[in-house]
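Computed over heavy atoms, backbone and side chain alike; hydrogens, waters and symmetry mates excluded. A note on names: the letters A, B, ... follow the listed sequences, proteins ahead of strands, and every chain is numbered from 1.
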Number of protein chains: 2
Amino acid sequence: MARTATPGSREKILCTAGGLFYRHGVRAVGMNQVIDAVGCGKNLLYTHFPSKDDLVAAYLRACRRERDRSSAAFTEQVPGDDPAARLRALVGEIAATATRPDFRGCAFRLYLTEFPEDEGEPARVARDYLRDTRAEIDGLVARLDVSDPGQLADRIWLIVEGLYASAARPGTAAAAATATRLVEDLLADATPN
Amino acid sequence: MARTATPGSREKILCTAGGLFYRHGVRAVGMNQVIDAVGCGKNLLYTHFPSKDDLVAAYLRACRRERDRSSAAFTEQVPGDDPAARLRALVGEIAATATRPDFRGCAFRLYLTEFPEDEGEPARVARDYLRDTRAEIDGLVARLDVSDPGQLADRIWLIVEGLYASAARPGTAAAAATATRLVEDLLADATPN
DNA sequence: TCGCTGGCGGACCGATCGGTCCGTTATCCT
DNA sequence: AGGATAACGGACCGATCGGTCCGCCAGCGA
């Protein structure tokens with residue numbers, strides 16, 4: 001043997017490609033562009049990721065890991081297991097993510113609007129994320145003592161969608177503040193407390 | 001001369017191309033695909049629309065006309081000029097549009113997420129629409145007798161964004177109903193009345 | 001009837017797409 | 001030092017991109 005085999009090359013590829021995909025859109029970024037940006041040979045990229053779909057799926061899986069990590073970091077700060085506090089934390093985490101300077105939208109939602117008819121692995125990863133997030137909200141709201149849990153969950157979900165969408169446009173901070181405040185008011189109104 | 005020149009060919013091209021762009025995404029649809037779907041020669045298409053950008057801009061302008069028409073049809077049904085009623089009509093019209101079976105999202109928002117860095121004519125048309133809609137909401141809310149018009153307008157806008165986003169996914173009808181109800185509640189809570 | 005003309009449809013252009021392959025170089029082990 | 005090998009980097013593949021051009025045919029006017 002010679003040259004230790006691939007130290008952190010896979011991570012580097014994934015990170016670089018992910019940045020390009022997120023910033024410019026998946027379809028707008030070609031494989032050659034990824035290779036140029038990484039500064040590696042075609043061989044290396046195609047051994048790690050046999051096709052663009054594989055690379056895109058890995059990119060979305062990495063986004064998922066990052067989202068779960070960030071979400072966990074936020075929710076584990078809330079003491080006890082007060083569902084209302086967890087809901088506020090959940091929305092607060094999204095608001096915090098959305099106000100980061102390089103935010104351009106939710107990676108999964110962006111992918112799904114770019115490939116509305118995709119049924120492959122990337123679309124599965126994206127749809128799973130949306131389903132799981134929605135389920136998390138439903139589960140938390142169900143533990144609340146409110147008269148119409150379904151309606152409240154629907155409303156919070158609507159606000160989350162609105163936050164992701166409008167934070168991608170100018171006025172990000174205002175959108176984040178509006179969403180958090182609105183969810184807080186909704187929770188305050190709904191729970192007798 | 002011979003053969004009367006182009007009767008409704010331009011409209012036919014625009015309609016067909018628009019349908020493809022909206023359904024599958026602008027980037028996913030090639031000019032040859034448009035030509036095949038229209039069933040015309042390349043000549044005809046490129047005389048009406050010298051480039052794809054021209055065709056896309058025309059498509060978005062047509063969407064704008066359609067939106068304005070539909071919006072006007074809804075708001076002119078509200079008697080007098082009660083701003084709260086007009087706001088309800090505005091959101092109701094979006095909800096009605098979003099529940100149409102072929103709805104896949106707001107054409108302008110879809111375009112902007114597909115081409116986040118475009119500064120050309122299509123992006124201008126799309127951004128103008130968003131700006132105008134937002135301004136319309138602001139103007140109506142400003143005429144309301146509420147303590148914090150800015151906050152209410154922000155909230156309604158957030159809900160509109162959420163409605164457009166979540167109506168593009170399964171559960172369209174629920175999203176539309178949730179958005180209209182939420183806006184109604186917001187207006188009821190905000191106006192002393 | 002013949003010529004003119006509008007439009008169809010495809011050949012063609014250079015560029016780029018995703019993906020394969022291979023020659024060269026650089027590095028480490030023996 | 002020498003040989004093995006991982007990775008670079010680019011040539012190359014067929015397909016498709018947006019866009020140009022032209023040959024052919026259909027249909028109307030003179």
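Here A:T47 lies out of heavy-atom contact (under 4.0 Å) with every strand. Within 4.0 Å of A:V29, counting heavy atoms only, lie sugar-phosphate atoms of the nucleic acid but no base atom.
No hydrogens or angles considered: a donor-acceptor pair under 3.5 Å links the side chains of A:D54 and A:S51. For the residue pair A:T97/A:E93, the side-chain donor-acceptor check at 3.5 Å is satisfied.
Atom NZ of B:K12 and atom P of C:dG7 are 13 Å apart (whole Å). One atom, CD1 of B:I35, and another, C1' of C:dG9, lie 10 Å apart when rounded to the nearest Å. Regarding A:N32, its CG atom lies at a distance of 13 Å from the P atom of C:dT20, rounded to whole Å. If you measure from atom CZ of A:R27 to atom P of D:dG18, you get 11 Å, rounded to the nearest angstrom. For the pair B:L45 CG and D:dC17 P, the computed distance is 14 Å after rounding to whole Å. When rounded to the nearest whole Å, the span between CG of B:D36 and C1' of D:dC17 equals 14 Å. Atom-to-atom, CE of B:M31 to C1' of C:dG10 comes out at 16 Å; the value is rounded to the nearest Å. The nearest whole Å value for the distance from the NZ atom in B:K52 to the P atom in D:dG19 is 8 Å.
Counting heavy atoms from C-beta on, the side chains of B:L87 and B:L144 come closer than 4.5 Å.
Residue A:Q77 places its CD atom among 12 or fewer non-hydrogen atoms of other residues, nucleotides or ligands, all under 6.0 Å distant.
In summary, A:R109 and A:E161 engage in a salt bridge, as defined by a charged side-chain N under 4.0 Å from a carboxylate O. The pair B:D154-B:R134 meets the salt-bridge criterion, with a side-chain N (NZ, NE, NH1 or NH2) lying under 4.0 Å from an Asp/Glu carboxylate O.
Residue whose closest nucleotide on DNA chain C sits further toward the 5' end, between B:C40 and A:A28: B:C40. Take the nearest nucleotide of DNA chain D for B:Y46 and for B:N43: the residue whose nucleotide is more 5' is B:Y46.
Within residues 14-21 of chain B, no residue has any heavy atom under 4.0 Å from DNA chain C.
Of the residues listed (A:V34, A:D36, A:I35), the one engaging A:V38 in a side-chain contact (heavy atoms from CB on, under 4.5 Å) is A:V34, and it is the only one.
Scanning atom types as modelled, one donor and one acceptor separated by under 3.5 angstrom connect the side chain of B:K42 and the base of D:dG19.
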